[in-house]
> 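First the structure, then my questions, so here it is.
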Protein chains: 2
Amino acid sequence: MPRRPASATGSPGIPEATIARLPVYLRALYALADRSIATVSSDELAAAAGVNSAKLRKDLSHLGSYGTRGVGYDVEYLVYQVSRELGLTQDWPVVIVGAGNLGRALANYGGFASRGFRIAALLDCDPAVVGTEIAQHTVRSAAEIEDAVSSHGVSIGVIATPAASAQHVCDRLVAAGVTSILNFAPVVLNVPSGVDVRKVDLSIELQILAFHAQRRTVVASSSEQSWQARRARRKTIGEFADSGGADGLDADTGVEAQAVGT
Amino acid sequence: MPRRPASATGSPGIPEATIARLPVYLRALYALADRSIATVSSDELAAAAGVNSAKLRKDLSHLGSYGTRGVGYDVEYLVYQVSRELGLTQDWPVVIVGAGNLGRALANYGGFASRGFRIAALLDCDPAVVGTEIAQHTVRSAAEIEDAVSSHGVSIGVIATPAASAQHVCDRLVAAGVTSILNFAPVVLNVPSGVDVRKVDLSIELQILAFHAQRRTVVASSSEQSWQARRARRKTIGEFADSGGADGLDADTGVEAQAVGT
DNA sequence: ACGACTTTGTGCAAACGTTCACAAGGGCGT
DNA sequence: ACGCCCTTGTGAACGTTTGCACAAAGTCGT
Ligand SMILES: NC(=O)c1ccc[n+]([C@@H]2O[C@H](COP(=O)([O-])OP(=O)(O)OC[C@H]3O[C@@H](n4cnc5c(N)ncnc54)[C@H](O)[C@@H]3O)[C@@H](O)[C@H]2O)c1
Ligand SMILES: NC(=O)c1ccc[n+]([C@@H]2O[C@H](COP(=O)([O-])OP(=O)(O)OC[C@H]3O[C@@H](n4cnc5c(N)ncnc54)[C@H](O)[C@@H]3O)[C@@H](O)[C@H]2O)c1
């Protein structure tokens, strides 16, 4: 979590872990509001958000003492307070770079706009894609990144390009003035301090699930491999990845480059 | 993170935080292997993975004492050990439920198969979609969930349906024998103990970014709203969400249902 | 008007995670 | 064969997060 060591100069300093949960509370609150529920207790809201109620109360206490003892929280009021804390009382223009499978899915995603995030521009470098319409947005050339960012005062960028282009795109976004980046490419992005990067990596999530799935399966079996012996260094790779497939590491890896030899 | 309180009966008990980073290390290691680099020090690998080198060493030490003092780690060997720990020496069949924007993007995603995750079935309930081909997979009817799961021994399921269907789909997956679920729908899923759920929520990531972006912007300005006074309870919602848009909460919320009144 | 009941807000301790700093260990040059 | 130098592995300090448990505070019924 602590990409930037929290140089927090802000108000009281709300814990990162709390910030990460506020959107979940907000979602639960909207669901309650939709059902015309005016008041909710910490127990109920916690259950809806899938967290411990003490944790929820402590989280909310960081925003202030909203909530009435003996009653609970006013749903409407809390929606407003949480939204305000998250900075959702204003609209956030967003640029999406990369209009491939994922970029298109994102552009078509309704939940995007429903929280005040508006697509300011959708960019790609493929001439075959530039100019096409996706979800009421005409795909613009990647050459216009700087223009798109600065002319709309965009501060949030989404990277949905292949891994190989991600760092380059990132650099250009940052140079153009973007300070928050959501990265879908499986690469560790290098950014100057002051820029916030969050990553979403499907592959990592699956691997974490695989670990737990394996744990469940391997109730008992510790047959040690003959590996322990052959520790000699080699220059080739290939006898591993016994996944049966040949395509092993493809478009996924190949970057990461930067600081290995520094 | 601690969805399940880690009833860890397994080996030494590797911390969740470490597990979450292993895939990142693995990616960096593959990149090194591609460049025919045989040995890497903790400093170099840590830089490539974007973490502190002490943390990396501690993480790896949980797997065992691979690595040679004065030299570093054998890339190839470490790839094998990390893969083994994550359970990636075997293939994991996966079912994807929901072949909409996101489901299609996932099916087309190469990084999916490149780590040993194979799509066993792609399911949807829309008759217009069932039967079509997506990335060499024929979309099957959602009615066949149970069959698809049990006939292939699938233990990992991906939910890419709208929020309203997610819990229902989840229940059916679990009933069919799935024990690991990757959920893209913006809902808190309710699962019996023993089932592992991980969620990916784009909207939440953007909201976290918005919070930090706002922090940076609001260097100084604490104009308190007139809200403090009007704490009366109400039954309507609508004057909030001053996002300018009308579409406010749409397909996003509306579920979460379950345990609110429990 | 008051007391019983409900629920918040928080002090505190334990669990977990990160980072520092260094001793132990091993290769490599001489 | 020895000692220098480099890097690992980890003990210990520190910070963060979680969860318990309860006093403070307010509501609601009578
Ligand atoms: N598809 C998925 O489900 C999925 C899931 C997780 C992660 N990812 C990652 O997201 C990224 C995109 O995936 P995808 O499936 O959409 O890939 P894709 O190949 O379908 O789309 C990538 C798009 O980026 C464009 N592009 C390439 N270089 C560019 C540049 N320098 N500037 C602007 N645009 C550029 C390409 O023209 C292409 O249209 C990849 O890094 C992938 O690993 C994808
Ligand atoms: N598109 C995105 O970029 C994106 C990003 C983040 C999260 N999400 C979430 O992912 C989910 C899917 O998004 P999407 O854009 O692909 O939506 P979509 O509407 O394009 O696709 C949903 C698909 O699920 C199918 N479906 C509905 N009920 C089903 C059921 N009971 N069983 C099987 N299939 C069923 C529908 O027929 C449809 O094809 C949504 O919950 C959305 O909030 C989407």
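Convention: sequence-line order gives letters A, B, ...; per-chain numbering from 1. Note that the structure is a prediction, hence the values are computed from the model and not measured.
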> B:His62 has an atom NE2; how far is it from atom P of D:dT8, in whole Å?
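For the pair B:His62 NE2 and D:dT8 P, the rounded distance is 17 Å.
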
> What pairs with A:Ser61 under side chain to side chain contact (heavy atoms under 4.5 Å, CB included), at least two apart in sequence or on another chain?
A:Lys58

> Write down the distance between CD (B:Glu16) and P (C:dA15), rounded to a whole number of angstrom.
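So the CD-P distance, B:Glu16 to C:dA15, works out to 18 Å.
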
> Counting just side-chain N and O atoms, does A:Asn52 come under 4.0 Å of either OP1 or OP2 of D:dC20?
yes

> Listed by chain and number, what are the side chain to side chain donor-acceptor pair (under 3.5 Å) partners of A:Ser83, not counting sequence neighbours?
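In terms of side chain to side chain donor-acceptor pair (under 3.5 Å), with neighbours along the sequence ignored, A:Ser83 is linked to no residue.
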
> Give the rounded distance in Å between these two atoms: CD of B:Glu44 and P of D:dC6.
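In whole Å, D:dC6 P lies 14 Å from B:Glu44 CD.
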
> Could you give the NZ-to-P distance, from B:Lys55 to C:dA21, as a whole number of Å?
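Spelled out: NZ on B:Lys55 to P on C:dA21 is 17 Å.
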
> Nearest whole Å is fine: how far is D:dT17 C1' from A:Ile14 CD1?
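The distance from CD1 of A:Ile14 to C1' of D:dT17 comes to 15 Å, rounded to the nearest Å.
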
> May I have the distance from B:Asp59 (atom CG) to C:dT18 (atom C1'), rounded to whole angstrom?
10 Å

> For B:Thr161, what residues pass the side chain to side chain donor-acceptor pair (under 3.5 Å) criterion, not counting sequence neighbours?
none

> Identify, with sequence neighbours excluded, every residue that meets salt bridge (Lys or Arg N to Asp or Glu O under 4.0 Å) alongside B:Arg21.
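By the salt bridge (Lys or Arg N to Asp or Glu O under 4.0 Å) rule, B:Arg21 matches B:Asp59.
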
> What does the B/S/- profile of nucleotides 3-12 of chain C look like, 5' to 3', with a 4.0 Å heavy-atom cutoff to protein?
---BBBBBBB

> What is the distance from CG of B:Asp74 to P of C:dG26, rounded to the nearest Å?
16 Å

> Please identify each residue that fulfils side chain to side chain contact (heavy atoms under 4.5 Å, CB included) with A:Asn52, with sequence neighbours left out.
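Once residues adjacent in sequence are excluded, the partners of A:Asn52 under the side chain to side chain contact (heavy atoms under 4.5 Å, CB included) criterion are A:Ala54, A:Lys55.
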
> Give me the one residue out of B:Thr18, B:Leu26, B:Ile14, B:Leu60 that meets side-chain contact (heavy atoms from CB on, under 4.5 Å) with B:Glu85.
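Single pass found, and it is B:Ile14.
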
